[in-house]
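Lettering follows sequence order; numbering is per chain, from 1.
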Amino acid sequence: MSTPTPPVVVLAHSPNQSAGAAFEAAVRQAGWRGARLVILNASTGESLVDPHHARPSDLADMTGRAGEAGVDAVVEQPIGPDVATIILDRADALGAELIVLATRHRSSIGKLIMGSTAQRVLMEADAEVLLVKDTDR
Amino acid sequence: MENFSLLLEGFQAALHPVYLLYAFLGVLVGTAVGVLPGIGPAMTVALLMPLTFSLDATGALIMFAGIYYGGMFGGSTTAILLNTPGEAASVMTAIEGNKMAKAGRGAAALATAALGSFVAGTIGTLLLTMLAPLLARWAIKLGPHDYFALMVLAFVTVSAVLGSSRARGLASLFVGLAIGLIGVDQLTGQSRFTFGLPHLADGIDVVIVAVALFAVGEALWVAAHLRRAPVELLTVRGRWFTRDDFRRSWAPWLRGTALGFPFGTIPAGGAEVPTMLSYAAERRLSKHKDEFGKGAIEGVAGPEAANNAAAAGVLVPLLTLGIPTSATAAILLVVFRQYGLQPGPALFANSGDLVWALLASLYIGNLMLLVLNLPLVGLWVKLLQIPRPYLYAGIMVFAALGSYIVNLSPIDVGLLFGIGLLGFVMRRYGWPVAPAIIGLILGPIAEGQLRRALQISQFDLGILVSSPFSIVVYVACAALILGPALAGVVGRSRRGSLTPAP
């Protein structure tokens, strides 16, 4: 049973240093698969100013660059208590084939205190998961 | 000249390292709460009051005055960089300031706001220093009926000016007056609204009501709207301050000061009105009219100066008459009374040392604010990243702790949350909180003055309008209530339409 709609690649985007590498990987993957790219920039909406919340201009720039690579990209900025849950739910609802995530090195204390979004998505997602590391280091 | 030497003595006291530290702490905390929308100096002073019982009066008042001035400085940062005014008095700053930041002139907008605040704050404090002793000398002649008239004027203006409608303002005022009545009547010993509960015989402590309405009410309100899309923070870009910026800013600063200070001294609800007037004036007078709406520096300089000058002006009636004209001033009045001081004509005579040290600390605080504000913009902006749950959980801990400390009674904590719920409902339906606070604090004082006046006159109501001063004040009250209504009716009949009056 094949659906007429193209497959979906979800990029869980958060503006940080490894985001660029993850974005490029996601565009490449979507290109190979002939897939639609959904850029998911989830934030908790708990603070007035949130560094995880991407600027509209940056997001527009990203969809533009995806378009140049021949990939159809849309942006979603959902808000909810837990970012990993949002990513998992949206990927499920979109029937995503692949979820692309950026990861970074974290200290053991950091891992102890804060849960890892990447880890939860990796363990619980039904789709394939691609983790992209920060390449600058 | 006599005042000048007294002021110098005040400086001598205020420059004491410990008081300098209190002033520094005050302006630091004040700027922080000014930056954070929804948390203002009134809430902060109310929250900190129970925790500062161990400080001496001068130290506590210097710190709280610093918070008060700092709040006015801090509000502009959020207004300019986020388009979200931190304080009601910064609403006008946001209009042009945010446009300037968007156009890459954020640094200049912040600089003109900070310098304007400093200039206006210093001129305002200077005017306060000169005017207050004169007014105090004149105010000794006022009788209780004159005071009562002034307080009625304060009630009327605060409820008429603040909030979205006069009906809501008055309703909020009466909530405050009603809570102020609770307790045993001082004169006759009758219980009022105590419902037979012995705990209520002393009334509900003002601190508890203020903390409940400001802090708990706001926390519940935020909790009800917890998740909102984050706001885009503009970066501080551009040259700090050019010669051209200064040329365009100095006149608006002075005009803003001239508008702000008198508005602060009359009971007109603090700094909101003069900032609006200043913005309108700059818009009309500017040589760069085309820039208004696109980021005109005059539109930042004028209103920012006006709100700081008004902040200084508010202290004039507070110190000389004991009449607060804004919510923060009302809380400051409570601080004075907590230390057994009664602001009014006698304050300068009885506690001159304290008053002059306080005035001197205002100059120092202003200078500190100027030095602190601009270099630390990055730090202030970081505060906005604090997740709301953490921020308000902290506030709630302080609120509960503070209200318990007041009487060491768990019943007070229950009252705190009960009244906090009322504060939430008031926010939900657009009732301004400030009139309730002013009604609560000024109500019992006004009642005392009224009864004193009637005892003097042996219950002849004529005494209330027996002096020219009180008649003038009552006429002003009537004009304030009826004026806009009449203007609305006239305007409506002229236009012949049924559009509601604003």
Side-chain angles (χ1 to χ4, degrees), chain A residues 10-20 23 38-64 74-90 93 102 104 106 109-117 120, chain B residues 32-40 74-87 90 94 98 101-104 106 218-219 221-237 377-396:
Chain A
V10 169
L11 168 66
H13 173 69
S14 170
N16 57 35
Q17 49 191 347
S18 45
F23 170 69
V38 177
I39 300 171
L40 204 59
N41 174 224
S43 43
T44 58
E46 279 171 355
S47 16
L48 189 62
V49 173
D50 194 341
H52 298 300
H53 192 76
R55 294 160 176 277
S57 53
D58 292 348
L59 291 170
D61 183 47
M62 286 168 75
T63 50
V74 288
V75 171
E76 289 182 17
Q77 288 190 290
I79 286 166
D82 184 70
V83 173
T85 310
I86 299 175
I87 296 170
L88 290 166
D89 288 353
R90 272 315 281 161
R104 60 201 152 139
R106 302 165 78 228
I109 298 284
K111 274 182 263 188
L112 184 73
I113 297 173
M114 315 287 278
S116 163
T117 302
R120 265 203 63 202
Chain B
V33 300
V35 166
L36 294 166
I39 304 176
S76 61
T77 308
T78 339
I80 290 167
L81 294 181
L82 281 180
N83 203 12
T84 310
E87 301 302 317
S90 315
N98 190 253
K102 276 203 175 120
E218 179 69 22
W221 176 248
V222 166
H225 305 81
L226 188 57
R227 292 183 201 288
R228 276 174 285 175
V231 188
E232 186 181 356
L233 177 72
L234 300 172
T235 44
V236 183
R237 279 184 299 162
V377 163
L379 178 73
W380 305 132
V381 167
K382 276 267 181 340
L383 284 175
L384 298 166
Q385 293 183 9
I386 300 174
R388 279 184 277 258
Y390 300 169
L391 191 62
Y392 282 91
I395 289 173
M396 289 296 267

Are there any donor-acceptor pairs closer than 3.5 angstrom between chain A and chain B, and if so, which ones?
| residue | atom | partner | partner atom | Å |
| --- | --- | --- | --- | --- |
| A:Thr44 | O | B:Arg227 | NH1 | 2.8 |
| A:Gly45 | O | B:Arg228 | N | 3.1 |
| A:Gly45 | O | B:Arg388 | NH2 | 3.0 |
| A:Glu46 | O | B:Arg388 | N | 2.7 |
| A:Glu46 | O | B:Arg388 | NE | 3.2 |
| A:Glu46 | OE2 | B:Arg227 | NH1 | 3.2 |
| A:Glu46 | OE2 | B:Arg227 | NH2 | 3.4 |
| A:Ser47 | OG | B:Gln385 | O | 3.3 |
| A:Leu48 | N | B:Leu384 | O | 3.4 |
| A:Leu48 | O | B:Val231 | N | 2.9 |
| A:Val49 | N | B:Leu384 | O | 3.2 |
| A:Arg55 | NH1 | B:Glu232 | OE2 | 2.9 |
| A:Arg55 | NH2 | B:Leu233 | O | 3.0 |

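Looking at B:Leu82, the atoms closer than 4.5 Å to chain A (heavy atoms on both sides) all sit in the side chain, from C-beta outward. Both the backbone and the side chain of A:Pro81 have a heavy atom closer than 4.5 Å to some heavy atom of chain B.
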